[in-house]
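What follows is a short report on a single structure.
Residue numbers begin at 1 in each chain, while the letters A, B, ... track the order of the sequences.
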Protein chains: 2
Amino acid sequence: MAARDAGSGTVDEDRAGRTGRRGQRLNRNRLLETALHIVDQHGVDALTMRRIATELQVDPMTIYRHVKNKDALLDGVVEQLWSQVWPQGPDSEEWKAVLSHLGRGLRDVMMRHPSAGPLLLSRPVLPGSALVVLKHALDVVKDAGFTEQEAATIVRCVSSVALSDSALRVTYELPQRPHNASGEPDPEQLISLTQLLPPDTPPDLVRVAWTICPPLETDDDFGFTLDLIVAGAEHLRNRA
Amino acid sequence: MAARDAGSGTVDEDRAGRTGRRGQRLNRNRLLETALHIVDQHGVDALTMRRIATELQVDPMTIYRHVKNKDALLDGVVEQLWSQVWPQGPDSEEWKAVLSHLGRGLRDVMMRHPSAGPLLLSRPVLPGSALVVLKHALDVVKDAGFTEQEAATIVRCVSSVALSDSALRVTYELPQRPHNASGEPDPEQLISLTQLLPPDTPPDLVRVAWTICPPLETDDDFGFTLDLIVAGAEHLRNRA
DNA sequence: CGGTATTAGTCTACACTGTAGACGACAAAG
DNA sequence: CTTTGTCGTCTACAGTGTAGACTAATACCG
C-alpha cells in the first residue's frame, strides 16, 4: 500500500526505482530471516503473510514469488534453524565429542529461538542443512566401530532428546532466579509453574511437573543427559 | 442450518427435542473424541471448528460452551492422547520394565495416531493425564536407587525419544513392503523417500535420510533404542 | 406442581487469514 | 527497438476463529 509512493522521491538512494523500500530486492534468504525474526519476537501465531510483508515493506503477494506457499515458508524457517548448527566442532574425530557437539548445537538453537521450538518439532522435515549435520555425525560414529543401524539409532537418540527435551523445558520456562542448587522449589517459581498447568491439577502432580521441568537448566544438566546416552552407546558396543 | 428442522419430526426418537441429532447432548469428551477422529482421518489442518461442528451435527458456536477456544481444544486432544498410555503395565515394580512400558506406550500412541504427532510435539503441554503417567515412572525409578534429578533425566530421556523419534519416522513413513532385513534400500521406497525431500538434495544426503529414517520400524528396532537408554542409566547408577 | 436461574444450542456478524488471477514496471536478450 | 521473463502490486474471494445477543432446554427450589 505505502510501498511505492515513498520510493519515488529519490531514485539513486536505492538500487533501483520501485523495488522495496530497503533498497535491495527481496530474496529467499531475506524473507526467511525476517520470518524467523518475527517468530522470535512475537511467536509462531504472529507469523502471517501480511505481517511479514509489512515488515519487509512489500505487498503480501510478493512473498509468493520466492516461496510456493505458507507451508513451504515454514519449512524454509526450519531449514534456516538447522543451518545454525555447525556440522563439526573442534575435535571432530572423536565420536563422543561429535555427539555432544550435535546435541549441544541443537539445544543452543532451541534456546536461542524458544518460540520456534514447536515449529522445529511439528514439521519433522529434513532439509539439506539438517542432512549435512546428521551425515557428519553418522560418519564419525560409524568409523568408531558401530554398524550403520547402530549409528543411526544413536544419532537419532541424541537429536530427539536435544530437540524435544529442550522444547519442553523452554516452553515451561520459568522466571529465572539466582540458582537454587537444592531440588526444593522456590515458592515464587512454584506459583508460576502451577499457573501454567490446568487449574485443577492436584498438588502431587504439580510436584511431578516440577520434577520433570526444573526451572533453570544449567549446561551440566544437559551434559548429564548426554552422558547417559553416550554411556549407553558404549555399553552397546562392548557387548558384541 | 439443517440441525433443527429435521429434529422436529419425531420427538421421542431422541432423548429430547432440539438437542443434537445424535440424541445425547454434547459434552467435552465426545467433543474431544471427534476432534481426534478428524485429525486421524484428515490431518491437523482439517481440524476446523466448523468441521467438528458438522461432524457433530451442531452449530459451530456450540463448541465454545465446552471449551474456551481452539487452543484449549487442541490441548484437550493432547490430553486425550496422553490418557491412552497406561501408567502401569504388568511388572510395574521393575524400573527397566516400567521405562520400557512408558516408551512403548508413547510410541504406540504415535503409531495409532500418526497425524496427531505434530500436535503432541508442538504443544508441549503437561495435562493431568500426562502427569499421572510420568509420576508412576518417576516413583519407580526413584525407588530403584536413583536420585530425584537422575530419575527426572531418565524419564525425560525416554519420553523425548519415544515421542520425537516416533514422530520423525511416522512422518516420513514409507509405503511398507515385505520387510527387507538388509540395510539396503528397496528401489521403490527409495524413490518415495526422495520425493519427500527437497528436490535438489544430492544423492549422498538422500542416503543419510534413508539411514536416519529407515522405512519399516519393527518393534525390535525401538527396543534397541530403549536398551541404549536403560543401559546408560544403569551405568550411571553404578558409578556413584 | 409452578416459577425461576442456569445452562446448551443457535444465529448473525466481523475482522482476519491464505492465496488465485490479472496487470504493470522493469531488466536482460535478441 | 521489440520481445521475453521476472518481480512487485492490486483486487477479490472463500474460509477461519470467535464476540454478542437471542432462544430453547434443563435443574433447582418452594
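- For B:His66, the side chain to side chain contact (heavy atoms under 4.5 Å, CB included) partners two or more places apart in sequence, or in a different chain, are B:Leu26, B:Leu31.
- Considering only residues two or more places apart in sequence or on other chains, A:Ser159 meets the side chain to side chain donor-acceptor pair (under 3.5 Å) condition with none of them.
- Among pairs with a residue in residues 110-124 of chain A, those fulfilling salt bridge (charged side-chain N to carboxylate O under 4.0 Å, His left out) read A:Asp71-A:Arg123, A:Asp75-A:Arg123, at least two apart in sequence or across chains.
- Partners of B:Thr225 by side chain to side chain contact (heavy atoms under 4.5 Å, CB included), not counting sequence neighbours, listed by chain and number: A:Thr153, A:Cys157, B:Val161, B:Phe222.
- Sorted pairs that involve residues 194-203 of chain A and meet side-chain hydrogen bond (donor to acceptor under 3.5 Å, both in side chains), not counting sequence neighbours, are lacking altogether.
- Residue B:Ile52 contributes atom CD1, which lies 11 Å from atom P of D:dT18 at whole-angstrom precision.
- Rounded to whole Å, the distance from CZ on B:Arg28 to P on C:dA8 is 13 Å.
- Note: CG (B:Leu26) to P (D:dT26) measures 14 Å, nearest angstrom.
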Give each protein N/O atom lying under 3.5 Å from an N/O atom of nucleotides 20-22 of chain D, with the pair distance.
none

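- Within the structure, salt bridge (charged side-chain N to carboxylate O under 4.0 Å, His left out) contacts touching residues 40-57 of chain B (residues at least two apart or in different chains) do not occur.
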I'd like a table of atom pairs between the protein and nucleotides 12-14 of chain D - only N or O on both sides, under 3.5 Å - with the distance next to each one.
none

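- In terms of phosphate contacts, B:Thr48 brings a side-chain nitrogen or oxygen within less than 4.0 Å of OP1 or OP2 of D:dT16.
- Residues satisfying the side chain to side chain contact (heavy atoms under 4.5 Å, CB included) criterion with A:Ser83, sequence neighbours excluded, are A:Ser129.
- Of the residues in residues 66-76 of chain B, those lying under 4.0 Å from DNA chain D by heavy-atom distance are B:Asn69, B:Lys70.
- Computed from coordinates, the A:Asp45 CG to C:dG18 C1' distance equals 15 Å when rounded to whole Å.
- For the residue pair A:Ser160 / B:Ser164, a side-chain donor-acceptor distance below 3.5 Å is found, with atom types taken as modelled.
- With sequence neighbours excluded, the residues forming a salt bridge (Lys or Arg N to Asp or Glu O under 4.0 Å) with A:Arg28 are A:Glu79, listed by chain and number.
- Residue A:Thr62 places at least one side-chain N or O closer than 4.0 Å to OP1 or OP2 of D:dT9.
- With A:His101 contributing its side chain and A:Trp86 its backbone, the two residues share a donor-acceptor pair below 3.5 Å.
- In this structure, the salt bridge (Lys or Arg N to Asp or Glu O under 4.0 Å) partners of B:Lys135, at least two apart in sequence or on a different chain, are B:Asp139.
- D:dT18 atom P lies 18 Å from atom CZ of B:Arg51, rounded to whole Å.
- Across the protein-nucleic acid pair, A:Tyr64 atom OH and C:dA22 atom P stand 17 Å apart, rounded to whole Å.
- Taking for each of A:Asn27 and B:Pro60 the nucleotide of DNA chain D with the nearest heavy atom, the 5'-most of the two is the partner of A:Asn27.
- Whole-Å rounding puts the A:Ile63 CD1 to D:dT9 P distance at 10 Å.
- In this structure, the CG atom of A:Asp59 is 6 Å from the P atom of D:dC10, given to the nearest Å.
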